[in-house]
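Structure, as structure tokens:
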Amino acid sequence: MATMSPIMNVMIKAAEKAGRNLARDFGEVENLQVSRKGPANFVTAADKRAEEIIFEELKNARPSYSFLMEESGAIKGEDPDYLWIIDPLDGTHNFMHGIPHWCVSIGLEVKGRMEAGVVYDPIKDELFRAERSGGAFMRNKRMRVSSRDNFETAFVGFGSAMDAKEFDQYAAELIKISHIAPNLRRFGAAALDLAYIAAGRLDGYWERGLHPWDVAAGALILKEAGGFVSSIDIEENPVYSRNLVAGNNSVHQDLKKALKSIKA
Ligand code: IPD
């Protein structure tokens with residue numbers, strides 16, 4: 001079992017507290033499916049509550065750090081070098097539809113580099129975590145990416161375009177990639193897609209139009225599990241690149257090469 005730093009303990013406590021609340025709310029979502037308005041407002045409120053819980057926990061533990069959060073945006077602390085990057089509920093649409101595949105994602109960036117990350121799936125009680133240079137763990141068990149190096153049989157996750165501007169590019173990519181690697185999966189929670197590669201469940205993943213809070217924690221966890229994550233088109237910090245390709249070494253390379261050759 002790896003030693004856990006005080007900051008990791010703080011992050012886990014915040015993720016679990018928010019996760020427990022969300023899990024309770026998730027129980028209610030099923031009842032709301034049948035109402036005509038559906039559960040959308042309820043889910044937005046649950047999402048915001050979870051963010052408040054995380055904010056409070058982290059602010060109490062490290063009052064000077066800054067925040068970048070999906071719901072509340074950027075909040076500058078006294079110390080701009082330390083930045084929490086938070087998605088209180090990644091996989092919102094799954095949550096809203098009563099599909100038990102969503103998570104809490106908390107990353108800590110220090111001077112522009114990811115330092116620690118936690119991705120927590122409260123329904124399955126699976127906690128993925130990593131600190132820079134400390135390896136990646138599912139709770140206390142070391143994780144490694146898969147060693148599957150055959151792109152044709154690889155399990156590859158993807159996210160599909162919500163933005164009409166990107167439909168054509170997505171369609172072209174889906175057609176081309178599914179000809180090469182037909183075992184595609186669309187799970188609907190980017191942070192879990194990255195954590196699943198770290199756990200050796202998926203071999204690769206790509207998506208366009210992501211936000212830093214979808215990616216920050218999962219990207220570090222994946223790297224610490226021996227995986228690779230990069231921007232599809234240009235070399236830049238993948239957390240901020242929006243367009244992401246990830247995988248074990250071999251599938252990351254093959255997938256990136258294939259994607260770069262596709263133009264709608
Ligand atoms: C979304 C999920 C989804 C991905 C979207 C994200 P949210 O995050 O990660 O899998 O396809 O691009 O925006 O909105 O549920 O936090």
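Order of appearance sets the numbers: ligands from 1, and atoms from 1 within every ligand.
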For residues 56-64, dump all side-chain donor-acceptor pairs below 3.5 Å to protein atoms at least two apart in sequence or in another chain.
from, atom 1, to, atom 2, distance (Å)
Glu57, OE1, Lys13, NZ, 3.4
Glu57, OE2, Lys17, NZ, 3.0
Lys59, NZ, Pro63, O, 3.0
Asn60, ND2, Glu56, O, 3.4

Check: Met69 main-chain N/O paired with Ser72 side-chain donor or acceptor under 3.5 Å: no
Got a salt bridge between Arg139 and Glu126, using NZ or NE/NH1/NH2 to carboxylate O under 4.0 Å? no
With sequence neighbours left out, write down each residue that passes side chain to side chain contact (heavy atoms under 4.5 Å, CB included) with Ala171, or none if nothing qualifies. none
Output for ligand 1, non-hydrogen cut-off under 4.0 Å, lists Glu70, Asp87, Leu89, Asp90, Gly91, Thr92, Arg186, Gly188, Ala189, Ala190, Glu207, Leu210, Asp214
Those residues at least two apart in sequence (or on a different chain) that pass side chain to side chain donor-acceptor pair (under 3.5 Å) with Asp47 are none
Residues Asp25 and Arg49 bridged, charged N to O under 4.0 Å: yes
